[in-house]
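Structure, as structure tokens:
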Amino acid sequence: MKVLYRVLIILAVLLVVFFYLNQPVKENEPLKAPNSEGRVIPQKMAPDVNDSAVERPTKGLSTLVGQSTRKLTKKLGNPDRKSPSAYDFDWWVYQKSPSNYLLVGVKNHKVKQVYMTGSEADASPFKIGQGIDELYRNTITDTEVTVKIQHNIYTFILNEDDLQTRILVMYDGLYAQLYFDAIDKTLEAVRYIDGPTLVKQHPYDMTYVGDLITPSVPSSYKQEEIDLENQKQLLELTNVYRVQKGLPALLSAEDLNKLAMAHSEKLAVNKISKEEQESDAFKDRLKNAEIQFDSAGENVTEDYLDAPEAINGLLNSEKHRNTLLNEQFNQIGTGAFGKHFTQVFIQRNETENY
């Protein structure tokens with residue numbers, strides 16, 4: 001009997017190994033943020049600043065930036081939730097529908113920024129879904145955009161990739177980040193933001209003369225709340241973008257969330273090397289977590305300032321995009337730790353326990 005038990009145990013182990021070795025698993029290289037080197041360069045001489053600016057829009061949700069939260073709630077109602085960000089404001093999240101998803105940054109009862117995506121979002125004078133070529137014909141753009149705050153001058157420098165995926169437009173006292181799907185050549189999202197908040201986030205390479213504005217360092221407890229909010233936004237934006245592309249939304253699974261969060265934390269804390277990443281393969285992590293699946297995929301980003309930036313990066317990287325928009329997957333887990341984000345996708349029977 002002992003021999004029989006040993007044979008059965010060996011067969012069971014072999015079956016598990018065979019299962020994980022033969023399941024289709026897609027693991028992409030971590031996607032680094034375009035400004036992951038953090039180039040913020042002090043200058044001695046102030047650049048020439050053109051004080052003439054394009055008049056800011058008078059219609060649409062951009063008009064909320066700089067307004068009070070009283071006017072915000074009068075226009076949009078109460079948010080679905082409020083959570084802290086890493087940049088000294090709170091996110092007010094409005095999940096109206098996949099065609100109208102809004103993130104509003106609020107500090108001291110004032111609106112600091114509005115991020116919007118979906119075909120019904122009022123991004124005037126822009127329209128979500130419009131073509132890049134049309135937008136460039138009707139919009140004043142530049143490779144350098146300057147923010148002047150009192151005696152301080154900050155200059156953002158856009159590279160060639162930025163000009164195809166996320167340009168920056170300057171208005172009088174307002175800035176617009178336009179997020180493109182460079183493959184479909186359409187506008188996917190818009191972020192209207194004030195100057196001080198843009199400088200704190202510095203999503204592009206930046207030079208400055210004067211004092212550098214930086215966000216305060218959150219406590220470990222607040223950072224945990226920030227990570228949880230980024231995790232939620234990554235899930236929601238994944239489904240918003242999938243629905244926009246004609247694909248079904250994915251079901252969030254708690255076991256996948258735990259797997260994604262643990263990986264984001266490990267990347268952030270250990271800054272593991274490429275060799276260590278290879279020894280920490282996605283397939284092995286699925287196996288160790290005893291997660292059953294028919295097919296699986298993973299996307300990882302490093303050094304992205306928030307979930308909207310991360311989702312734009314993933315959409316514009318061919319391999320990561322193919323995983324994000326894979327029609328076979330039906331469940332997802334998301335994790336965020338600092339500036340590291342992870343998506344875990346699988347296909348499995350939704351009635352299975354997880």
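Quick note: residue numbers are just sequence positions, from 1. What you see below is based on every heavy atom in this structure, not just the backbone, and it leaves out hydrogens, waters and symmetry mates.
- The two atoms that bring Phe156 and Pro203 nearest to each other are CE2-CD, 4.3 Å, heavy atoms only.
- Ile140 meets the side chain to side chain contact (heavy atoms under 4.5 Å, CB included) test with Val54; sequence neighbours excluded.
- Atom CE of Met116 sits about 10.0 Å away from atom CG of Leu103, to the nearest 0.5 Å.
- Side-chain contact between Asn326 and Gln347 is absent, with no heavy atoms from C-beta onward closer than 4.5 Å.
- With sequence neighbours excluded, the residues forming a side chain to side chain contact (heavy atoms under 4.5 Å, CB included) with Ile149 are Val147, Tyr154, Pro196, Val199, Ile213, listed by chain and number.
- By the 4.5 Å heavy-atom criterion applied to side chains, Gln201 and Glu309 are not counted as neighbours.
- Transitive grouping of hydrophobic side chains (ILVMFWY, heavy atoms separated by less than 4.5 Å) keeps Leu259 and Leu234 in distinct clusters.
- Between the Asn257 side chain and the Thr334 main chain, a donor and an acceptor come within less than 3.5 Å of each other.
- The shortest heavy-atom contact between His320 and Pro30 is NE2-C, 4.4 Å.
- Here Arg56 pairs with nothing under the salt bridge (charged side-chain N to carboxylate O under 4.0 Å, His left out) rule; sequence neighbours left out.
- A chain of hydrophobic side-chain contacts below 4.5 Å, direct or via other Ile, Leu, Val, Met, Phe, Trp or Tyr residues, connects Val169 to Leu163.
- Paired with Asp306 under the rule salt bridge (Lys or Arg N to Asp or Glu O under 4.0 Å), one option of Arg191, Lys339, Lys232 passes, and it is Arg191.
- No side-chain donor-acceptor contact under 3.5 Å links Thr342 to the backbone of Val300.
- The shortest side-chain heavy-atom distance between Ile41 and Met206 does not fall under the 4.5 Å cut-off.
- Remark: Ser62 pairs with Pro57, Leu174, Tyr192 by the side chain to side chain contact (heavy atoms under 4.5 Å, CB included) rule, at least two apart or across chains.
- Of all heavy-atom pairs spanning Met261 and Ala336, the tightest one is SD-O, 2.9 Å.
- No donor-acceptor pair closer than 3.5 Å links the side chain of Asn312 to the backbone N or O of Pro308.
- Between Gln67 and Leu72, the closest side-chain pair of non-hydrogen atoms is not below 4.5 Å.
- Sorted by first and then second residue, the side-chain hydrogen bond (donor to acceptor under 3.5 Å, both in side chains) pairs with a member in residues 101-110 read Tyr101-Glu236; sequence neighbours excluded.
- Evaluation of the ring-ring contact (aromatic ring centres under 6.0 Å, His included) rule for Tyr94 yields no partner, not counting sequence neighbours.
- Looking at residues two or more places apart in sequence or on another chain, you find a salt bridge (charged side-chain N to carboxylate O under 4.0 Å, His left out) between Asp184 and Lys245, Arg321.
- Side-chain atoms of Asn152 do not come within 3.5 Å of backbone N or O of Gly210 as any donor-acceptor pair.
- Judged by distance alone, with hydrogens and angles left aside, the side-chain atoms of Thr63 form a donor-acceptor pair with the main-chain N or O of Gly60 at under 3.5 Å.
- Minimum interatomic distance between Pro125 and Tyr171 (heavy atoms only, all atoms of both residues): CG-OH, 3.8 Å.
- A donor-acceptor distance shorter than 3.5 angstrom exists from the side chain of Arg242 to the backbone of Leu324, with no hydrogens or angles considered.
- Classified by interplanar angle (parallel below 30°, tilted 30° to 60°, perpendicular above 60°), the ring pair Tyr87/Phe89 is parallel.
- Here the shortest heavy-atom pairing between Ala189 and Ile128 reads CA-CD1, 3.8 Å.
- In this structure, Lys222 does not pair ionically with Asp90, as no charged nitrogen and carboxylate oxygen lie closer than 4.0 Å.
- The shortest distance between side-chain heavy atoms of Leu135 and Leu178 falls below 4.5 Å.
- Here the side chain of Asn330 pairs a donor or acceptor atom with the backbone of Arg348 at under 3.5 angstrom.
- Under the 4.5 Å side-chain criterion, counting only non-hydrogen atoms from C-beta, Phe337 is not in contact with Lys266.
- Here the side chains of Glu188 and Leu315 are in contact, with some heavy-atom distance below 4.5 Å.
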Stepwise side-chain hydrogen bond (donor to acceptor under 3.5 Å, both in side chains) test for Thr238 and Gln343: CA-CA 9 Å; Thr238 297; Gln343 297 170 308; 2.8 Å; yes

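- Between Glu229 and Lys82, none of the side-chain N atoms (NZ, or NE/NH1/NH2) sits under 4.0 Å from a carboxylate O, so this pair counts as no salt bridge.
- Scored by the salt bridge (charged side-chain N to carboxylate O under 4.0 Å, His left out) test, Asp162 finds Arg166 as partners (sequence neighbours excluded).
- Take Thr197 and apply the side chain to side chain donor-acceptor pair (under 3.5 Å) test, not counting sequence neighbours, and it matches Asp194.
- Among residue pairs with one or both ends in residues 120-133, those qualifying as side-chain hydrogen bond (donor to acceptor under 3.5 Å, both in side chains) are Ser99-Glu120, Asp122-Ser124; sequence neighbours excluded.
- Closest approach of Gln43 to Thr207, counting heavy atoms only: CG-CB, 3.7 Å.
- When the salt bridge (charged side-chain N to carboxylate O under 4.0 Å, His left out) test is applied to Lys200, the partners found at least two apart in sequence or on another chain are Asp88.
- A donor-acceptor pair under 3.5 Å is absent between the side-chain atoms of Thr73 and the main chain of Gly77, judged by distance alone.
- Here Ala182 pairs with Thr165, Asn316 under the side chain to side chain contact (heavy atoms under 4.5 Å, CB included) rule; sequence neighbours left out.
- Within the 4.5 Å cutoff, side-chain heavy atoms of Thr323 are placed close to those of Phe345.
- Note on Phe341: it clusters hydrophobically with Phe329, by side-chain heavy-atom contacts below 4.5 Å among ILVMFWY residues.
- Tyr208 and Ile157 fall into different hydrophobic clusters, where Ile, Leu, Val, Met, Phe, Trp and Tyr are joined by side-chain heavy atoms under 4.5 Å apart, directly or via other members.
- Note on Leu61 and Val93: separate hydrophobic clusters, where clusters join Ile, Leu, Val, Met, Phe, Trp and Tyr whose side-chain heavy atoms are under 4.5 Å apart, directly or indirectly.
- Thr139 places no side-chain N or O within 3.5 Å of a backbone atom of Thr141 that could act as its donor or acceptor partner.
- When atom types are taken as modelled, the side chain of Asp142 and the backbone of Val145 share no donor-acceptor pair closer than 3.5 angstrom.
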